[in-house]
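Lettering of chains follows the sequences in order, A, B, ..., and the numbering in each one begins at 1.
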2 protein chains.
Amino acid sequence: MVRLSVDVMGADAGVEELLKGVCLFHERYPECKFLIFGLESELSKALTKFSLPSHLFEAIYTPSYVNSQAEVLATLKSGMDTSMSRALHSVVSGQSKGVVSAGNTGVYLALSKSILKTLEGILRPAIVSQIPTCRGESVMLDLGGSLESSSKGLVQYALMGKIFCQKVLGVEFPSVGLLNVGTELQKGKESLKEAYEVLKHQQGIDFYGYIEGDDISKGTVDVIVTDGFTGNIALKTGEGTMRMMSFMLGRAFRSSFYARCAGWIAKPFLQDFKSYFDPRIYNGALWLGVRGIAVKSHGGTDAIGFSHALETAYDMVRMNIVHEIQNTLLERSF
Amino acid sequence: MVRLSVDVMGADAGVEELLKGVCLFHERYPECKFLIFGLESELSKALTKFSLPSHLFEAIYTPSYVNSQAEVLATLKSGMDTSMSRALHSVVSGQSKGVVSAGNTGVYLALSKSILKTLEGILRPAIVSQIPTCRGESVMLDLGGSLESSSKGLVQYALMGKIFCQKVLGVEFPSVGLLNVGTELQKGKESLKEAYEVLKHQQGIDFYGYIEGDDISKGTVDVIVTDGFTGNIALKTGEGTMRMMSFMLGRAFRSSFYARCAGWIAKPFLQDFKSYFDPRIYNGALWLGVRGIAVKSHGGTDAIGFSHALETAYDMVRMNIVHEIQNTLLERSF
C-alpha cells in the first residue's frame with residue numbers, strides 16, 4: 001500500500017475538481033491511499049461530494065495555503081503553516097511516499113528544496129517532464145527550476161534525465177542532446193561547450209551532441225538537456241503552438257456549412273489527432289534532485305490532468321527514482 | 001526601378017530553384033531588376049533555364065562562395081571573394097538597394113556587419129521575422145543575431161521591432177512584450193528586469209510587460225523581444241511543433257480506408273489550415289540594425305519561399321526601414 005500526499009489548494013480549477021482527479025486515479029490504482037491537505041473551509045465542503053471510501057484517505061486541515069500569486073521569498077520567510085508545506089513535511093516524516101500539488105510553482109519548488117532537501121552532490125534540482133514528439137515521447141529538463149545553469153549542472157541534468165527516461169519511458173539506452181542554436185561545435189554559450197566536452201567522454205551516456213529547437217518535436221533524442229530559462233520557454237512555446245494549431249483546425253472546420261459537414265465526417269480522426277497532444281496526458285512535472293517525490297500539476301488542469309500528475313508521482317515512487325539518482329551521482333562523484 | 005542583389009549559392013535547394021524564386025517574385029513585382037551573384041560553373045548552367053528577360057538582370061560570377069558548413073571566423077579571416085560578400089558590397093556601392101541570400105546564416109550576419117556596418121548607436125544587430133499567431137501575425141527578435149543581450153540591447157530591439165512591425169504589419173501602435181519565464185515582476189534574469197524598467201517609462205512604446213512562451217502563438221503582443229539564444233530556440237521549437245502537428249494530422253487521415261475517405265472530403269479545409277502555417281510565407285528574416293537591407297532566406301526553402309524572402313527585402317526597401325530606425329535611435333540617443 002502506497003500513500004500519497006495531495007495539496008488541493010491554489011489550483012485554478014478548485015478543490016472539488018482536484019478531488020475528482022483523485023477519484024479517477026483511484027479507479028486505476030485502487031491500492032493507493034491519500035493524505036489530503038487543504039483549508040477546512042474549502043476542503044470539508046468539497047469532501048461532502050467526494051466518493052472515495054473513507055478508509056482510503058485522511059483529510060488534514062491547515063490554517064493557510066499558498067496563493068497562486070504569492071512571492072517565493074516572502075512566503076518562505078513568513079514560515080506559514082500551509083497545505084503545501086504540510087504535504088511536503090508528510091513525506092519527510094514518512095507518512096507518505098510523495099506529494100502532488102497544482103499550486104504556485106515557484107513556492108512549491110522552493111519549499112521542496114528547503115523541506116525535502118537537495119540530494120547529496122546535486123547543484124540544483126531540475127524540473128523534468130515528458131513531451132510529445134513525432135516518434136512518441138521524450139523527456140526535457142530543466143523546465144524552470146533555475147534560470148541559468150553551469151556546465152556541471154547541465155551534466156547532472158543529463159544524468160538525472162537519463163534515469164528518468166529509463167524509468168518512465170522504458171528506454172534502455174536513452175540518447176541525450178544539449179539544446180543549442182546550432183549543431184556546429186563552435187556554436188553556443190560557454191557552459192554548453194564545456195558540458196559538451198564532458199558528456200562526449202562520459203561513460204554510460206549515449207550523447208548525441210547539440211540539437212536545435214525543431215529537434216525537440218522531431219524526437220531526435222530521448223532526453224533534451226537545457227537550462228531552466230530556455231527549457232521553460234521552449235516547453236511553453238511548444239504548448240502554445242499546439243493550442244494555436246488545434247484552435248485554427250477547429251476554425252477551418254467551422255468556416256462554412258460544408259466545412260461543418262466535413263468536420264463531422266472527419267471527427268473521429270480529428271479527435272484521435274487532438275488526443276495525441278492532449279496536455280492533460282503530459283501533466284505532472286517532477287522535481288528531480290530532491291530527497292523525495294514532489295510532482296507539480298499544471299495549475300489550470302482539470303480532474304483528468306490531475307489524475308495523470310498523481311500517476312507520475314506513483315510511477316516515481318514505485319520506480320524508486322530518488323534512490324537511483326542518488327546512487328548514480330555518488331558513483332560518478334559529481 | 002529598384003534593383004536587388006541575389007546570392008544564389010549555399011542553399012539546399014540549389015541555384016536553379018532559387019532562380020525560379022526570382023521569376024515568381026518578378027511576376028508579382030515586374031518593376032524590379034536583379035544582380036545575381038554565383039559561381040560561373042553553377043550559375044551559367046542554371047541561367048540557361050532562366051526565363052527572366054535579359055535586360056532585367058545581370059549575372060556576376062564570383063571565384064568562390066560561402067559553404068553552408070563554413071566557420072564564421074575562418075571565412076572572415078580568409079577574405080574570400082564570395083558571391084555573398086560581393087552581393088553585400090553591391091549595396092554599399094549603391095548598385096542595388098538590398099541583398100537576399102539563403103546561405104550560411106552565421107557568415108552572412110558577420111559579413112553584413114563588417115561590410116554594411118552597424119547603424120550608429122546600435123549595440124548589436126538583431127534578426128527579426130514575422131511569425132503566425134492565433135490573431136494573425138506578430139514579429140519576434142532577436143532570432144539568433146547574438147547569444148546574449150544586455151538590457152540596453154533589449155530596449156533597442158524593442159524600438160527596432162516596433163518600427164519593423166509598423167512597416168510590415170501596418171500596426172499603428174504595436175504592443176511590445178519581453179519574453180520571460182513568468183509574468184510576475186520578480187521573475188527572470190537581471191537584464192530582463194532592467195529592460196522592463198526602461199521600457200515601462202519609454203514614451204512612444206506600448207509596453208505590455210512580460211510574456212511567456214505560450215503568449216507567442218496566442219498573439220498577446222505584436223512585438224516579442226528576447227535575446228538571440230532564447231529567440232532562436234523559441235522560433236525553431238514553434239516551427240518544429242507545427243511540422244509535428246501537420247505530420248500527425250496527415251497520419252491520422254492515413255490510418256484506415258475510412259480515414260482516407262474522410263481526409264479526401266475534408267481536404268480543402270485541411271489545406272486551408274496547413275496553408276496558414278506554411279513556413280514559406282514567413283520566409284525572410286531581416287538583419288535589423290545594419291546600414292542596408294540584408295534578408296536571410298531559410299536555406300532549405302524552395303522557389304515559393306525564396307520569392308517571399310525577396311518580397312521582404314523589397315518591402316523593406318520601399319519602406320525605407322534603415323532610415324527610420326536610424327532616425328528613431330538618434331532621437332532617443334540610445
Side-chain angles (χ1 to χ4, degrees), chain A residues 69 71-73 105-106 132-134 144 147-148 179-182 184 186-189 212-219 226 228-230 232-249 251-253 255 258-259 261-263 265-270 272-273 276-277, chain B residues 69 71-73 105-106 132-134 144 147-148 179-182 184 186-189 212-219 226 228-230 232-249 251-253 255 258-259 261-263 265-270 272-273 276-277:
Chain A
Q69 301 300 316
E71 286 198 17
V72 176
L73 282 177
T105 309
T133 74
C134 285
L147 290 183
E148 282 170 283
L179 189 58
N180 200 351
V181 293
E184 302 86 352
Q186 77 274 18
K187 289 257 174 106
K189 302 176 183 178
E212 297 190 64
D214 53 346
D215 285 306
I216 299 173
S217 51
K218 268 187 207 162
T226 182
F229 187 88
T230 312
N232 183 283
I233 283 170
L235 179 79
K236 287 180 183 162
T237 301
E239 285 175 352
T241 308
M242 286 182 209
R243 272 199 291 274
M244 169 177 73
M245 291 193 79
S246 291
F247 168 78
M248 300 304 279
L249 190 62
R251 205 171 74 169
F253 283 104
S255 59
Y258 179 58
C261 294
I265 292 165
K267 200 173 176 184
F269 311 106
L270 293 173
D272 265 7
F273 164 75
Y276 187 80
F277 299 107
Chain B
Q69 301 299 317
E71 285 200 16
V72 177
L73 282 177
T105 309
T133 75
C134 284
L147 289 183
E148 282 171 284
L179 189 58
N180 199 353
V181 293
E184 302 86 350
Q186 77 276 14
K187 290 258 173 105
K189 301 175 184 178
E212 297 189 63
D214 53 345
D215 285 305
I216 299 173
S217 51
K218 268 187 205 163
T226 183
F229 188 88
T230 312
N232 183 284
I233 283 171
L235 179 80
K236 288 180 183 162
T237 302
E239 285 174 353
T241 307
M242 285 182 210
R243 273 200 290 274
M244 169 177 72
M245 291 192 80
S246 291
F247 168 77
M248 299 305 279
L249 190 62
R251 203 172 73 168
F253 282 103
S255 58
Y258 179 58
C261 295
I265 293 166
K267 201 174 175 185
F269 312 106
L270 293 172
D272 266 7
F273 164 75
Y276 187 80
F277 299 108

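The candidate with the highest count of non-hydrogen atom pairs below 4.5 Å against chain B, out of A:Glu212, A:Lys189, A:Glu148, is A:Lys189. Note on A:Leu179, A:Thr105, A:Asp272: by heavy-atom pairs under 4.5 Å with chain B, the leading option is A:Leu179. Heavy-atom pairs under 4.5 Å with chain B were tallied for A:Ile265, A:Thr226, A:Thr133, A:Leu235; the largest tally goes to A:Ile265. Between chain B and the options A:Lys218, A:Met242, A:Lys267, heavy-atom pairs under 4.5 Å are most frequent for A:Met242. The candidate with the highest count of non-hydrogen atom pairs below 4.5 Å against chain A, out of B:Gly213, B:Cys261, B:Ser255, is B:Gly213. Each of A:Ala234, A:Gly219, A:Ala259, A:Ala252 has some count of heavy-atom pairs under 4.5 Å with chain B, and the biggest count is that of A:Ala259.
The parts of A:Phe269 that come within reach of chain B are both its backbone and its side chain, each placing non-hydrogen atoms under 4.5 angstrom from that chain. For A:Asn180, the parts lying near chain B are the backbone and the side chain together; criterion is any non-hydrogen pair under 4.5 Å. For A:Ile216, the part sitting under 4.5 Å from any heavy atom of chain B is the side chain, from C-beta outward, and nothing else. Residue contact with chain B, scored on non-hydrogen atoms closer than 4.5 Å, involves the backbone and the side chain of A:Phe229 alike.
The shortest non-hydrogen separation linking A:Arg251 to B:Cys134 is NH1-O, 4.3 Å. Nearest heavy atom pair, residue A:Ala262 against residue B:Ala266, reads CB-CA, 4.1 Å. For the pair A:Val181 and B:Lys236, the tightest heavy-atom approach, listed with the atom from each and the gap, is O-NZ, 3.4 Å. The heavy-atom pair separating B:Met248 from A:Phe273 by the smallest distance is C-CD1, 3.8 Å.
Residues forming a side-chain contact (heavy atoms from CB on, under 4.5 Å) with A:Leu73 (at least two apart in sequence, or on another chain): none.
The line from CG of B:Leu270 to CG of A:Leu270 is 7.0 Å long, rounded to the nearest 0.5 Å.
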Check against side chain to side chain contact (heavy atoms under 4.5 Å, CB included), B:Leu249 and A:Tyr276: CA-CA 10 Å; B:Leu249 190 62; A:Tyr276 187 80; over 6 Å; no
Intermediate values then yes/no, side chain to side chain contact (heavy atoms under 4.5 Å, CB included), A:Met245 and B:Ser246: CA-CA 9 Å; A:Met245 291 193 79; B:Ser246 291; 4.0 Å; yes
